[in-house]
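I have placed the structure first, in the form of structure tokens, so that the comments after it can refer back to it.
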Amino acid sequence: MREGLPISRRSFIKLAATAGAAAALPGCEPAARKLIPYVVPDENVVPGVPSFFATTCSECPAGCGAVARIREGRVIKLEGNPADPIGQGALCARGQAALQGLYNPDRLAHPQVRGDDGALRTVSWDEAEKMLGDRLAAASKAGKDRVAFFGSPQGPTFRKIALAFLGVYGSSRATFYEAINQEPARVAAKTLFGRRDLPIYRIDQAEALISFGADFLETWQSPVELARQYSLFRTPQKRRGALTIGRSTYVGPRLSMTASKCDDWIATAPGAQADVAWSVLNVLVKQRWISPNSGFDLAALSNAVANFDPAATSARTGVPVETITRLGETFGKADGALAIAGTDDSSAHLAAMILNAVTGNFGKTIMFLAGSPAEETSTPDEVDAAVDAMRGGEIDAAFIAGANPVFTMPVSARMAEALQKVPFVVWAGGVPDETAAMASLILPAHHPLEAWRDTAPRAGIRGLGQPVMQPVFDSKPVGDILLAAAGRSSSAKPPWATTAAAVKAEWLALASKADGAGPEDFWVNVRREGGLFEEQHLSALKLDTSPFKAPVPAAAQMELSVYAYPHIFLYDGRGADKPWLQELPEPVAQIVWDSWAEMHPETARKLGVAQDDVIEIKTEHGAIEAPVLVASTVRPGVIAVPLGQGHRAYGRYAKDVGTNAWLILAAGATCAGATARATGKTRRLVSPLGKSDMMGRSIVEAMSIEQLARGVIPKNEAEEVTGPFEMYTPWKYPGHKWGMTIDVNACTGCSACVTACYAENNIPWVGKEGVDNGRIMSWIRIERYFPEAKAAAQAPLLYLAPMLCQQCGHAPCEPVCPVFASYHTDEGLNGQIYNRCVGTRYCENNCPYKVRRFNWFVPEWPAPLNLQLNPDVTVRGAGVMEKCTFCVQRIQFGELNAKTEDRELRDGEIVTACQQACPTRAITFGDSNDPASAMMRRREDHELRNYRALEELNTQPAITYLRNLYREKGKA
Amino acid sequence: MSTHLQKAHRERGAMKPRAVESVVGTSTRAVAGAMIVLGATAFMLALSRGGAAIAWQAYLVNLLFFLGVAQGALVASASFYLTQAKWGGSTPYRLGEAFAPFLWVGFFLFFGLYFGRSLIFPWVTHPIAQKAAWLNTPFLFARDGIGLGVMAAASYAFIRVSRGADARAWTIATDDIQLPPHSIRVRAPLVAVLFAVVYTLIAFDLVMSLAPVWRSTLFGWYFFAGCFWSGLTAMALTAVVLRSRLGENNLFTNSTVLHDFGKMVFAFSVFWIYLLFAQYIVIWYGDLPVETFFVVQRVHHLPWSPLSAACLVLIWLIPFTVLMSVRAKKTPVILGTVAGLGLVGMWLERYVLVVPSLSLDAVPFGPTQFLISIGFLGAFLVSAMPGLNRVAQAATSGEPVGDDPE
Amino acid sequence: MAAAPKISAEPSYRDIDRSVLRVMEPAGLAYWAWIGFCFTLVAIAAALWARQIYTGLGVTGLRQPVMWAIYITNFVFWVGIAHSGTLISAILFLFRTKWRTAVYRAAETMTIFAVATAGLFPLIHLGRVWFFYWLLPYPNERSLQPDFRSPLVWDAFAVSTYLTISALFWTMGLIPDIANAREAASGWRKKFYTVLAMGWQGTDRQWRHYSMAYLLMAGLATPLVLSVHSVVSWDFAMAINPGWHSTIFAPYFVAGAIFSGVAMVITLLIPMRRLLGIEDLLTEWHFDNLAKVVLLTSLVVSYAYITEAFMTWYAGDPIEQMTFHMRYFGPWGWMYWVMVLCNCVMPLLLFSPRIRVNLRALWIVTIFVNIGMWFERFVIIAGSLTANFEPSQWAGYRPSITEIMITVGSFAWFVGLFSLFSRFLPIISMTELKEGIVWLRKALKMDRATAA
Amino acid sequence: MSTVAIISSFADDTQCANAIEQLRAAQVGDFNTFSPIPSHRIERAIGRSKSPVRWIVLAGGILGVLAGLAITIGTTYEWRLNAGGKPLLSWPPFIVICFELMVLLGGIFGFLGVMMLSGVPTTEMEPGYDGRFGEDRFGIVVRCDEAEAARIELVLKESGAEEVVREGA
């Protein structure tokens with residue numbers, strides 16, 4: 001009964017695929033004409049076949065490598081670069097969303113000049129550059145250092161270009177500004193080791209981990225890399241004979257996503273972490289749990305931490321004494337421990353580093369690298385100096401690129417005022433932001449993906465960013481603008497004409513290091529690899545144990561304080577113009593398209609406010625208004641507000657969404673004492689989430705590591721059916737039977753998979769109202785459940801797991817479809833034929849997992865966002881149902897490749913978008929007919945942890961989950 | 001109802017029936033008695049000889065079946081009043097009430113189950129935490145005992161007025177649209193409602209609870225619809241038998257009553273299969289193990305599948321195909337045979353409902369179970385005898401009956 | 001219309017004809033105003049539907065996870081209404097019930113228009129209505145066919161069959177009456193009826209086939225009526241959703257359908273007999289019996305509610321229990337209890353014979369039943385969807401103006417069509433009334449007796 | 001010899017039926033009756049066999065079931081698609097379809113059958129048809145040749161005809 005099928009199935013798929021291309025092409029025609037003149041066919045561009053370019057991600061300082069997927073000249077997806085040692089092939093949600101920055105419809109299309117009336121006037125590039133040249137010339141004539149460059153660090157080469165540019169105009173006022181700059185850590189490093197660069201961490205080498213407020217799975221330093229390490233750290237393994245997982249503790253005011261993946265969350269007031277850290281050190285010193293050759297003078301150490309006797313600390317911070325001593329014990333006794341800090345005071349960082357040092361973990365779980373240090377951002381003092389100079393009227397012309405200081409700088413810095421003092425402000429960038437609004441000349445700059453650039457995230461790693469496509473708009477690389485401007489000047493010209501030339505020159509200079517290969521081979525090679533990744537060597541540390549400033553205990557905590565943290569997706573605010581990120585629910589709060597003031601029910605009661613009440617939060621620096629989110633995910637007495645929202649410009653998707661928490665912070669601070677009052681207004685916080693209580697259903701399951709060690713499978717007390725119960729004779733899947741294994745323990749909830757799915761499968765966003773109306777379209781979502789109150793003692797802090805179509809063998813959605821739009825392929829896929837769907841929506845009614853999505857309206861991608869659409873995937877119209885397809889287009893691609901190359905399909909050859917993106921490799925896709933496949937082996941290796949969602953319904957899902965692991969409380 | 005009318009009816013109703021000798025000869029009585037003895041001894045032997053489980057299964061199956069027949073027939077009589085049926089004068093009513101005495105017999109036999117409870121109800125030996133509140137011995141016997149008791153009492157209260165002169169007068173006033181006497185108007189609906197409630201309870205407690213994991217909301221309804229049909233079928237069969245025994249001139253020969261019974265056997269057999277299908281398709285489609293196993297084990301799984309098929313044939317296929325034609329309905333032999341087979345089928349159906357829950361892989365049907373069934377049949381016949389005489393009387397009293405336009 | 005002349009307590013064939021045919025005389029302004037009003041509402045609804053087709057179903061209040069709500073509720077409600085017709089005309093015909101003759105034509109007409117209304121909603125609720133025909137098997141070059149395993153396909157078959165059969169049955173009953181009207185009428189109406197009567201003359205030859213066919217049609221319609229609402233109920237029972245997946249649904253929905261249907265018949269007939277001056281043909285006796293049917297089916301429905309509640313408790317499946325908890329005590333709990341009041345409590349009044357024949361009281365009770373049954377469907381359909389397997393996807397539902405106005409439109413459409421019919425075709429079957437004239441006379445006697 | 005039509009009307013079907021019996025007793029075969037209602041008495045009096053329309057309905061029903069089996073099974077095998085793991089031949093659903101089609105075709109056949117057999121639609125009326133026969137009168141129209149007429153009229157009158165008219169044909 002199989003003969004007929006393959007043909008029919010294939011024709012179905014083809015139908016879908018071709019229709020997909022057809023639907024996508026009209027959208028991209030104008031661009032296509034511009035990008036690829038098919039009149040003269042380009043032999044490098046084979047229609048229908050993607051090409052891949054290695055490049056680097058520039059969405060945050062972590063500097064992961066990326067690979068751009070190009071179709072017909074358009075980059076349609078960003079993925080991690082496997083060759084890159086940092087990301088190792090994974091890319092976070094923010095990185096992937098860079099595409100929406102590239103294709104953002106609100107990007108500046110032409111140079112514009114602001115008239116005296118403040119209105120912008122479009123001008124040609126020539127006019128603009130002439131104007132720029134003239135004003136700069138004038139400025140430089142006026143004297144030395146009258147020209148300033150103020151921008152984000154955009155790589156070593158760019159740095160040189162910027163400096164050269166300034167040089168030409170007789171200035172040295174270059175400021176490389178990052179809003180989130182890890183300054184406290186650098187200060188700590190400086191104090192202890194006399195160096196300002198950041199250490200490298202190896203969580204996977206540790207047995208115990210304490211994070212003093214460092215959200216290392218979200219935004220802290222290098223999330224993708226650290227998440228990968230953390231998942232290894234949490235993988236059950238034999239340690240000293242016992243099966244166990246790394247013990248992690250989070251000390252901080254909010255149960256962040258990172259905290260939720262730890263064993264314990266010690267809720268302290270913001271700023272109290274240092275106190276606890278020192279106290280832990282105190283315990284270590286007292287107990288002599290310190291390595292003999294740590295190089296520390298015990299006496300000095302113990303009197304330094306004298307004020308931090310656990311009892312005292314406990315009194316100050318409210319953290320129980322035994323908690324602190326236990327922390328000390330686990331940390332001291334651990335074979336490999338790591339303490340990290342993410343607070344805004346260097347004290348905690350210092351304490352953490354000493355903790356690592358005294359336990360002899362330097363070189364093991366934490367290390368400094370030899371060789372050229374990472375490029376540095378300007379120190380806060382340098383930044384202040386620059387701003388003061390502007391305010392002081394010492395600057396005639398300021399060139400701002402890549403940074404949005406007006407938005408991210410605290411009110412106290414008075415940046416806006418400073419810019420007003422500058423007669424001529426040039427802004428170059430993509431989507432005009434708050435800073436651009438203050439500039440008199442704004443220039444459309446290339447998106448990083450359109451320009452040549454390089455990165456140096458750490459010693460031994462140079463990322464090479466090559467343009468992956470033709471410019472979408474009439475823009476230029478910032479570097480080129482600077483060089484052109486420099487070129488106009490009469491005085492000494494910079495050595496390169498363009499950024500491209502500069503980058504190539506710089507890199508060929510590196511070639512000498514690269515043994516053997518000649519320069520051109522080297523050039524080809526680094527472009528293919530996406531950079532130069534050399535062996536990383538530890539640098540010898542000269543520990544400065546000279547009695548350091550004995551820390552003073554933090555003042556008694558304030559009545560009410562506000563804690564502002566970088567939003568996992570919006571970061572410092574640069575993500576806010578990307579609908580994908582706006583519509584991605586923050587993993588813990590599950591809110592979209594808004595900011596919120598998260599507070600404990602107790603706090604809410606004290607303040608007399610309820611969910612969705614808009615409150616005004618006032619600090620000494622400023623005041624903001626935000627709706628209340630009542631949740632026990634923050635410490636009582638603390639209001640947590642995410643950064644990144646509240647733009648007053650920056651395009652249609654960012655403008656007037658939420659509130660800007662930077663406004664209530666001091667420079668470099670993340671918290672402040674605050675007062676809050678109800679404003680009487682209310683604003684619905686919008687979330688796609690219904691109930692947060694799993695009601696004991698087997699959706700996201702967890703078991704304790706102790707149970708795993710004992711080999712006990714958690715039993716659900718439902719009555720068992722005895723005797724045969726199978727109604728139908730099972731179907732046969734002669735060829736492949738696709739399946740998936742998802743390790744819930746490895747899943748951090750970072751939602752990279754969700755964004756990957758949006759990008760791969762042309763999933764439209766629906767906006768705040770849409771989400772509120774229950775029309776969110778995500779095919780894969782992160783389920784968030786709170787443990788039931790009674791079970792909380794013996795459960796993970798939070799249940800987080802991806803939920804997507806389970807591709808059921810007995811899919812309830814299939815037989816109810818009247819027109820076979822939903823049916824089962826003979827490769828075990830739960831097929832959904834959009835063209836055939838009439839929209840009865842019965843399938844979704846009958847889907848126990850509720851993973852199907854209906855197109856309530858005609859989806860829209862404002863040009864040029866439509867250029868990002870994946871031609872391999874149908875764009876669905878109004879009135880049809882859609883859902884996860886296991887990336888059937890990728891499966892087809894893989895199978896066709898294998899066929900054309902006349903070979904068997906290799907395991908792991910087909911990688912779904914979600915799997916590809918996952919930093920912790922929680923998702924494995926493969927053939928369940930092949931017991932040797934990685935996917936099946938993973939199930940076998942963790943047999944005790946296998947479970948299927950809602951298994952009692954006999955839907956026979958193709959997805960097997962591996963239970964989350966937690967550590968039973970009250971166990972050492 | 002105007003008084004003079006009533007008087008007229010009473011006179012007509014009071015017509016002396018032609019004296020007939022009791023329809024059940026002494027021989028029949030003897031045989032029936034012997035059957036009881038046989039059954040009882042077989043049961044006792046089984047209990048003493050370690051065949052207890054098998055004996056109790058047979059006990060339960062027969063109890064359910066015969067109780068169902070007796071009660072179903074009585075409810076048929078009540079529902080004739082509710083639909084103001086006058087196609088057979090008072091005879092169909094007497095026929096329906098004929099088996100009533102077994103209601104009390106069954107009521108007492110029910111408590112016999114108490115001694116076999118551990119062999120019948122799995123939850124007695126392995127209590128189920130969540131269901132303990134409902135599935136526990138005292139409560140079950142209390143509620144079902146009371147239910148059956150009330151049911152029997154109500155039935156008798158109904159019979160008393162139904163046999164009264166007023167009711168009879170009404171049944172034979174064929175050209176009138178007046179409602180039945182008030183006493184009937186109160187009791188007939190009561191009996192019908194009680195039937196639905198009590199027999200749902202019986203279905204859940206004495207059949208469903210044998211497979212405690214399983215549930216089906218329609219099951220109660222399905223069960224008592226089966227009882228009702230078996231009651232009608234038994235009435236039809238009796239009518240056919242009496243027809244031949246009552247000599248030349250009786251209601252069954254010179255009216256269309258048999259035809260009407262034929263129609264009802266046909267119609268309610270279709271209704272029964274409808275209720276069966278309504279459950280099957282939902283469970284088949286839903287594919288939830290907690291529901292499917294019960295069906296799979298009986299319908300898709302040897303040794304039970306052929307028996308289930310047999311039920312289908314006997315209860316639905318044969319009546320449906322055969323009784324479709326008017327001639328068949330009117331031919332006593334055919335109607336009788338179909339009805340007889342139908343009753344066998346309904347017995348088998350009860351057997352298939354009950355036993356697989358207790359012995360999944362074997363059909364424990366042997367002489368013991370056969371003899372016990374015989375015993376029950378005997379008891380049933382004995383308790384039906386007085387009623388049958390009344391039927392004979394009514395059938396031979398030459399009442400006027402409504403005409404039957406096809 | 002002239003005031004109805006009281007017909008004698010011993011009505012003759014002629015009396016019957018007179019009082020029925022008089023209804024079909026030309027109507028006044030008020031009548032046409034009413035018709036106009038109804039079809040204006042229909043027009044509004046149609047416009048909103050057009051808009052919905054153009055922009056997409058987003059204009060409704062539907063959302064995750066409530067994919068079906070008011071539209072499907074209306075569909076089930078109207079199909080339910082339709083069931084009384086066939087019940088009265090077919091099932092009671094087989095039972096040879098005497099009181100059906102006067103009411104069955106009205107009931108059957110209601111069936112036709114109710115099905116016609118119901119049939120619209122599956123179309124209205126479709127995401128891509130322009131492909132509705134994909135639900136039916138038709139030859140096409142890729143021989144793509146519907147999946148006969150889908151309850152929605154059964155629906156397509158059942159409802160269209162139902163519409164066809166009841167239309168034929170209805171037409172058959174009408175022919176002799178129209179032939180009769182043909183004789184009485186004049187002017188264009190005469191032509192009109194002459195065409196419709198198709199030359200019927202009532203020869204013995206015609207009657208012979210007619211009565212046989214009528215019987216057989218009744219025989220077919222009876223199981224059909226069971227099957228149709230069973231199939232409708234299976235739209236839900238086939239799903240595994242708690243609150244939907246229940247074996248009792250088929251008979252329970254059928255009973256509910258007849259319940260609401262007969263209630264609707266009463267709701268329409270009571271004012272109608274007044275407005276059309278046919279009190280003498282629709283006597284207390286008729287309403288008494290109709291009321292009994294309502295009472296009976298009400299009890300059946302209550303039985304189903306109780307069984308479901310019990311079984312949920314007995315089965316001890318926490319998921320199902322939670323769904324029912326939400327149904328009873330959740331945000332929409334009040335709807336459930338309103339439903340219980342209307343469907344289970346109010347009809348108990350009908351145990352009293354006095355209420356059964358007190359048309360005012362009876363009318364009120366049936367109104368409540370209509371409301372209650374609408375709520376029942378809504379609670380089952382939308383309510384069960386709000387609290388499903390995936391707590392993270394739970395959500396409420398708020399109907400949009402589009403849905404509300406289309407619902408209102410459907411009522412206007414139904415009532416409008418019925419009003420049109422009532423003045424152009426015999427609303428009571430003269431032929432059958434004549435056949436059963438004996439019973440009508442007895443009924444009238446009783447009426448007069450109670451009146452005096 | 002010219003034939004004539006004798007039109008007689010009766011107050012109720014009992015008389016009408018009785019008259020028919022008389023006619024048949026008098027060897028009169030060629031007559032036709034009109035009545036406002038279907039009357040079993042008259043039917044019995046005329047004593048024709050049962051209407052063949054039942055066979056037509058039966059045929060329709062059987063055809064319906066066959067059609068049902070054909071489309072369900074046929075289309076299933078055209079595309080052997082797996083939906084929810086349900087078997088290709090999913091009988092329970094197929095039964096539903098078959099049932100509906102049985103009723104549908106049975107009904108349609110029945111309707112068409114009765115139309116065909118009773119000769120509607122038609123434009124010309126049987127001789128002697130009269131509106132009153134639709135209302136409250138039962139009529140018998142006998143076609144015979146003049147010679148017979150008198151005798152037959154007598155028969156009709158005796159069996160209680162309200163009026164008897166003779167029409168030349």
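Throughout, protein chains are lettered first and strands after them, A, B, ... in sequence-line order, and every chain is numbered starting at 1.
Side-chain N/O atoms of C/T111 and C/Y162 include no donor and acceptor closer than 3.5 Å. The closest side-chain donor-acceptor pair between D/S35 and C/W207 falls under 3.5 angstrom.
Ranked by heavy-atom pairs under 4.5 Å with chain D, the first of C/M238, C/K434, C/H209 is C/H209. Contact count against chain D (heavy-atom pairs under 4.5 Å) is highest for C/Q201 among C/Q201, C/R182, C/M212. Put simply, of C/E435, C/M430, C/M217, the one with the most heavy-atom pairs under 4.5 Å next to chain D is C/E435.
Using a 4.0 Å cut-off between charged nitrogen and carboxylate oxygen, C/R208 and D/E43 do not count as a salt-bridge pair.
Cation-pi check for C/R100 over C/Y104 is met; the charged atom lies under 6.0 angstrom from the ring centroid and within 45 degrees of its normal.
Contacts from residues 51-69 of chain D to chain C, taken as heavy-atom pairs separated by less than 4.5 Å, involve D/S51, D/P52, D/V53, D/R54, D/V57 in sequence order.
Contact of D/T76 with chain C is made through the side chain alone, with heavy-atom distances under 4.5 Å. Looking at C/P176, neither its backbone nor its side chain comes within 4.5 Å of chain D, counting heavy atoms on both sides. Only the side chain of C/L216 has a heavy atom closer than 4.5 Å to any heavy atom of chain D. Within the 4.5 angstrom heavy-atom criterion, no atom of D/F109 approaches chain C.
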Self-check item: Candidate pair C/R18 and C/D15, rule salt bridge (Lys or Arg N to Asp or Glu O under 4.0 Å), full reasoning
Solution: CA-CA 5 Å; C/R18 270 220 331 283; C/D15 297 328; 3.4 Å; yes

